[in-house]
Amino acid sequence: MTLPNGFAERDPALALRPLYFVNRDGFDVWRTRQPQALVQWMLAHGFDAASGSQLTLPGGEGTLAGAVLGIGDALDPFSYAHGPQSLPGGHWEPSSELDADARRALQLGWGLGAYRFTRYRDATRAPAHLVSGELDPEIADILAACLRVRDLVNTPTQDMGPQELEDVARGIAQRHGARFDSIVGDELLEQDFPSIHAVGRASHRAPRLIRLDWGSDAHEHVVLVGKGVCFDTGGLDIKGADGMRNMKKDMGGAAHALALAELVMARRLPLRLTLLVPAVENAIGPDAFRPGEVVATRKGVSVEIDNTDAEGRVILADALVLAGELEPALLLDFATLTGAARIALGPDLPALYSNDDAVADAWLAAAARVRDPMWRMPLWRPYLRYLTSHVADIANGSSTRMAGSITAALYLERFVPAGQKWAHVDVYAWNDSDRPGRPAGGEAQGLRAAYEMLKQRCA
C-alpha cells in the first residue's frame with residue numbers, strides 16, 4: 001500500500017519523537033504520571049489540554065523530546081487533525097494509551113489534517129509524519145474517499161467540466177470492474193432526459209448523464225445520485241460576483257456520490273450499486289433556458305422555470321426518475337442544493353431529508369458513531385404550495401424565501417416513486433476558511449456516515 005501524505009513506514013533509521021494525547025477530563029490524572037520537570041513545563045506554558053492545542057517538550061541541548069496534543073473526543077478524527085500542520089516536521093510515534101478505535105480515528109484525522117490541494121502549487125510546508133504501524137486498510141480507503149471529494153471540488157471548472165467528471169467516473173469504473181455508460185448532448189433528448197438537456201444546452205460543454213453499475217444481482221440494490229453542476233453562473237437569473245465566486249463547487253454532490261461509490265467498491269460491500277450523475281454547466285448563451293419556460297421531464301411532469309438559478313433540482317429530477325425505474329431497495333442523493341440549508345444549519349451540518357424514518361434514523365445513528373454530523377430536516381408537504389405554477393404541474397422555485405431547503409427537497413420528492421425509500425442530503429461540500437484538519441476549500445460531509453450506514457445494512 002502506498003502511504004498517504006503525512007504517514008511514514010517504521011524504519012530503524014528514523015529518529016522518532018513520542019507523541020502523547022490527553023483531554024481535559026483526564027489531564028489531572030495524566031499529569032501525575034509524568035516527571036515533575038515536564039509538569040512544570042506545561043504549567044509555565046499554560047497548557048490545559050484544550051482540544052486542538054499542542055505543546056512541544058524540551059530535550060537536552062535544545063532538542064525536542066516529544067509533544068503533547070490536546071484532544072477532545074478520542075473517537076473523533078478531527079480531534080487529532082491539528083497535529084500534522086501544528087507540530088514541527090519530522091517523524092512522530094503515538095504513545096500506547098490509545099485503544100484500537102482511537103488509533104483508527106487518529107489515522108484518519110492525521111490524513112485529513114495532512115491534506116493540501118497541490119494540483120497547481122506545492123504545499124507551503126511538509127506535514128509532520130506519523131509512524132503508527134500498519135495503516136488500517138479500511139481507514140486508508142475512507143481517507144481516500146474523503147480526499148477524492150476534496151480534490152474534485154477544489155479543481156476549477158476549466159479542468160473539471162462535464163467531460164472531465166465523466167473521465168473520473170470512467171476511471172473509477174475501470175479500476176473496479178464496473179459497467180459504465182454516458183448519455184451526451186442531444187442523445188439526452190432521444191433517451192428521454194429533457195430536463196438535464198434543458199439546463200446544460202447553453203454551454204459549449206455538452207451536458208450528460210453518467211452511469212456506473214457494479215455488483216451482483218443477488219445483493220441489495222442501492223442507487224446513488226449526485227448533482228453535477230460543474231459551474232453555476234445562475235443562468236439568465238445570473239448570480240452576483242460573490243455568489244458566483246466558488247461555484248466550481250456546485251458539483252460537490254456528484255463528488256460525494258462518486259467517492260462513496262468508489263469506497264463501496266474498494267471495500268467490496270455485498271451490494272448491487274448504481275451511480276447516476278447528471279453533469280452540466282449552467283451557462284449563459286443564446287440557447288440558455290429562460291425564466292417562464294416550461295421544461296419537460298422524464299416523469300412527464302411539466303416544470304415552470306421560476307428561476308434559472310434553481311437548476312440543480314431540475315437536472316436531478318430526470319436522474320431520480322431513472323433511479324426509481326430501477327426499483328432499488330434504497331435511493332440516496334447528494335446535492336449542493338440550497339443556500340437556505342446553510343442559513344438554517346451553517347456550513348458544517350448537512351441537511352438530511354428522508355421519506356422513511358428507519359433510513360433517516362440509520363443514517364443519523366451512523367453519523368453519531370463515526371463523528372460525521374448531520375441534521376434531519378422535515379419534508380413538510382404543506383410547503384408544496386410555494387412551488388405552485390399556473391401554467392405547469394410544478395414550478396422549480398417560488399417568490400418567497402421561506403423554507404427554501406425544504407421546498408427544494410419537496411421538489412425532488414415529486415420525482416421519487418411512491419413507496420421508494422429515499423434520502424436526500426443538502427450538503428455544503430466546502431470550508432470557508434482554514435481550520436485544523438479542514439483547509440479552506442472542498443470538504444466531504446456525510447460521506448463517512450453514508451458508508452457506515454451501508455456497511456451496517458450489509459452486516
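Not measured: the values here are computed from a predicted model. Positions are given from 1, in the same order as the sequence printed here.
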Enquirer: Does this structure show an ion pair linking Arg148 with Glu262, if we count only N-O contacts that are shorter than 4.0 Å?
Expert: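 Salt bridge between Arg148 and Glu262, a charged N being under 4.0 Å from a carboxylate O: yes.
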
Enquirer: Taking the side chain as every heavy atom from C-beta outward, state whether Leu271 and Val264 have any pair of such atoms under 4.5 Å apart.
Expert: yes

Enquirer: Does the Asp434 side chain pair with the main chain of Ala440, one donor and one acceptor, at a distance under 3.5 Å?
Expert: yes

Enquirer: Would you call Asp348 and Arg435 a salt bridge, using N to O less than 4.0 angstrom?
Expert: yes

Enquirer: Restricting to non-hydrogen atoms, name the atom on Ala8 and the atom on Leu3 that form the minimum distance, rounded to 0.1 Å.
Expert: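 Shortest heavy-atom separation between Ala8 and Leu3 comes out as C-CD1, 3.6 Å.
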
Enquirer: Rounded to the nearest 0.5 Å, how far does NE2 of His176 lie from CG of Leu263?
Expert: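 Going from the CG atom of Leu263 to the NE2 atom of His176 covers 9.0 Å.
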
Enquirer: Report yes if the side chains of Arg119 and Thr155 come closer than 4.5 Å at any heavy-atom pair, otherwise no.
Expert: yes

Enquirer: Would you say the side-chain atoms of Tyr120 and Asn154 include a donor-acceptor pair closer than 3.5 Å?
Expert: no

Enquirer: Going by atom types alone, do Tyr115 and Gln85 pair a side-chain donor with an acceptor below 3.5 Å?
Expert: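 Absent: no donor and acceptor within the cut-off.
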
Enquirer: Is there side-chain contact between Leu447 and Phe334, with heavy atoms separated by less than 4.5 Å?
Expert: no

Enquirer: Quick test of your reading of the model: are Lys249 and Glu443 salt-bridged, counting only N-O distances below 4.0 Å?
Expert: no

Enquirer: Between Leu352 and Ala423, what is the shortest heavy-atom contact and its length?
Expert: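 Scanning both residues, the minimum pair turns out to be CD1-CB, 4.1 Å.
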
Enquirer: Does atom CG of Asp122 have more than 12 heavy-atom neighbours from other groups under 6.0 Å away?
Expert: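 Incorrect, the count does not exceed 12.
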
Enquirer: Shortest non-hydrogen contact from Thr308 to Leu236?
Expert: OG1-N, 3.2 Å

Enquirer: So does Arg179 pair up with Asp181, basic N to acidic O under 4.0 Å?
Expert: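 Between Asp181 and Arg179 there is no salt bridge, as every charged N stays at least 4.0 Å from the carboxylate O atoms.
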
Enquirer: Looking at Asp287 and Arg201, does any basic side-chain N land under 4.0 Å from a carboxylate oxygen?
Expert: yes

Enquirer: Establish, from distance only, whether the side-chain atoms of Tyr428 and Asp432 form a donor-acceptor pair under 3.5 Å.
Expert: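 Yes - a donor-acceptor pair under 3.5 Å links their side chains.
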
Enquirer: So, taking the atom named CD1 in Ile315 and the one named CG in Asn282, what distance separates them when rounded to the nearest 0.5 Å?
Expert: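 Reported value, rounded in 0.5 Å steps: 9.0 Å.
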
Enquirer: Go through the side-chain N and O atoms of Asp426 and Ser405 and say whether any donor and acceptor fall under 3.5 Å apart.
Expert: yes

Enquirer: Do Val277 and Arg211 have side chains that get closer than 4.5 Å, going by heavy atoms?
Expert: no

Enquirer: Hey, mind stepping through Glu164 and Arg205 against salt bridge (charged side-chain N to carboxylate O under 4.0 Å, His left out) and telling me if it holds?
Expert: CA-CA 10 Å; Glu164 289 80 7; Arg205 309 164 97 173; 3.5 Å; yes

Enquirer: Begin from the C-alpha positions of Gln163 and Val184 and carry the test side chain to side chain contact (heavy atoms under 4.5 Å, CB included) through to its verdict.
Expert: CA-CA 9 Å; Gln163 178 63 63; Val184 181; over 6 Å; no

Enquirer: Hey, are the side chains of Glu138 and Arg267 touching, using non-hydrogen atoms and a 4.5 Å cut-off?
Expert: yes

Enquirer: On a heavy-atom basis, which atom in Ala173 and which in Leu212 lie closest, and how many Å separate them?
Expert: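 Minimum heavy-atom contact is CB-CD1, 3.7 Å.
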
Enquirer: Counting C-beta onward and ignoring hydrogens, is there a side-chain heavy-atom pair between Arg24 and Asp48 closer than 4.5 Å?
Expert: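 Yes, at least one pair of side-chain atoms sits under 4.5 Å.
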
Enquirer: Just checking, is any N or O donor in the side chain of Ser79 or Asp73 under 3.5 Å from an acceptor N or O on the other one?
Expert: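 Absent: no donor and acceptor within the cut-off.
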
Enquirer: Gln34 pairs by side-chain contact (heavy atoms from CB on, under 4.5 Å) with which of Val68, Leu57, Val22, Val39?
Expert: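 By the side-chain contact (heavy atoms from CB on, under 4.5 Å) criterion, Gln34 pairs with just one of Val68, Leu57, Val22, Val39: Val39.
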
Enquirer: Would you call Arg170-Glu166 a salt bridge at under 4.0 Å N-O?
Expert: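 Salt bridge present between Arg170 and Glu166.
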
Enquirer: Any chance the side chains of Asp333 and Trp422 put a donor and an acceptor closer than 3.5 Å?
Expert: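 Side-chain D/A pair, Asp333 to Trp422: present.
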
Enquirer: When you measure from the centre of the six-membered ring of Tyr353, is the NZ or CZ of Arg376 under 6.0 Å away and within 45° of the axis?
Expert: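 The answer is no; the distance or angle limit is not met.
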
Enquirer: Working to the nearest 0.5 angstrom, can you tell me the gap between Arg31 CZ and Gln36 CD?
Expert: 10.0 Å

Enquirer: Taking all atoms of both residues into account, what is the closest heavy-atom pair of Pro162 and Ala279, and its distance?
Expert: CB-O, 3.9 Å

Enquirer: Step by step, would you call Glu220 with Leu330 a side chain to side chain contact (heavy atoms under 4.5 Å, CB included)?
Expert: CA-CA 8 Å; Glu220 183 178 66; Leu330 182 62; 5.6 Å; no

Enquirer: Would you say that more than 12 heavy atoms from the other residues, nucleotides or ligands in this model lie under 6.0 Å from the CZ of Arg125, or not?
Expert: yes

Enquirer: Identify the heavy atoms of Thr338 and Ala408 that sit nearest to each other, and give their distance.
Expert: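 Looking at all heavy atoms of both residues, the closest pair is CG2-CB, 3.5 Å.
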
Enquirer: Output, in order, the C-alpha distance, side-chain angles, deciding distance and verdict of side chain to side chain contact (heavy atoms under 4.5 Å, CB included) for Met160 and Thr157.
Expert: CA-CA 5 Å; Met160 192 51 63; Thr157 308; 5.8 Å; no

Enquirer: Leu276 and Val223: side chain to side chain contact (heavy atoms under 4.5 Å, CB included), yes or no, with the steps?
Expert: CA-CA 8 Å; Leu276 300 173; Val223 177; 4.1 Å; yes

Enquirer: Could you tell me if the side chain of Ser51 sits less than 4.5 Å from the side chain of Ile71, heavy atoms only?
Expert: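 Result no, sub-4.5 Å side-chain heavy-atom pair not found.
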
Enquirer: In this structure, are over 12 heavy atoms from other groups packed under 6.0 Å from Trp30 atom CH2?
Expert: yes

Enquirer: Is the shortest heavy-atom distance from the side chain of Ser203 to the side chain of Val280 under 4.5 Å?
Expert: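 Heavy-atom side-chain distance check fails, nothing below 4.5 Å.
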
Enquirer: When you compare the side chains of Ser354 and His424, does any donor N or O come within less than 3.5 Å of an acceptor on the partner?
Expert: no

Enquirer: Assess, by modelled atom type and distance only, whether the side chains of Gln107 and Asp136 contain a donor and an acceptor separated by less than 3.5 Å.
Expert: no

Enquirer: For the pair Tyr411 and Phe415, name the ring-plane relationship: parallel under 30°, tilted 30 to 60°, perpendicular over 60°.
Expert: tilted

Enquirer: So how far is it from Arg103 CZ to Leu75 CG, rounded to the nearest 0.5 Å?
Expert: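 That separation rounds to 13.5 Å.
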
Enquirer: Which value, rounded to the nearest 0.5 Å, describes the distance between Tyr451 atom OH and Met453 atom CE?
Expert: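 Going from the OH atom of Tyr451 to the CE atom of Met453 covers 12.5 Å.
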
Enquirer: Check this for me, if you would: do Lys227 and Glu311 make a salt bridge, where the nitrogen-to-carboxylate-oxygen distance has to be below 4.0 angstrom?
Expert: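 Judged by the 4.0 Å cut-off on N to carboxylate O distance, Lys227 and Glu311 do form a salt bridge.
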
Enquirer: Please report the interatomic distance CD(Gln445) to SG(Cys146), rounded to the nearest 0.5 Å.
Expert: 10.5 Å

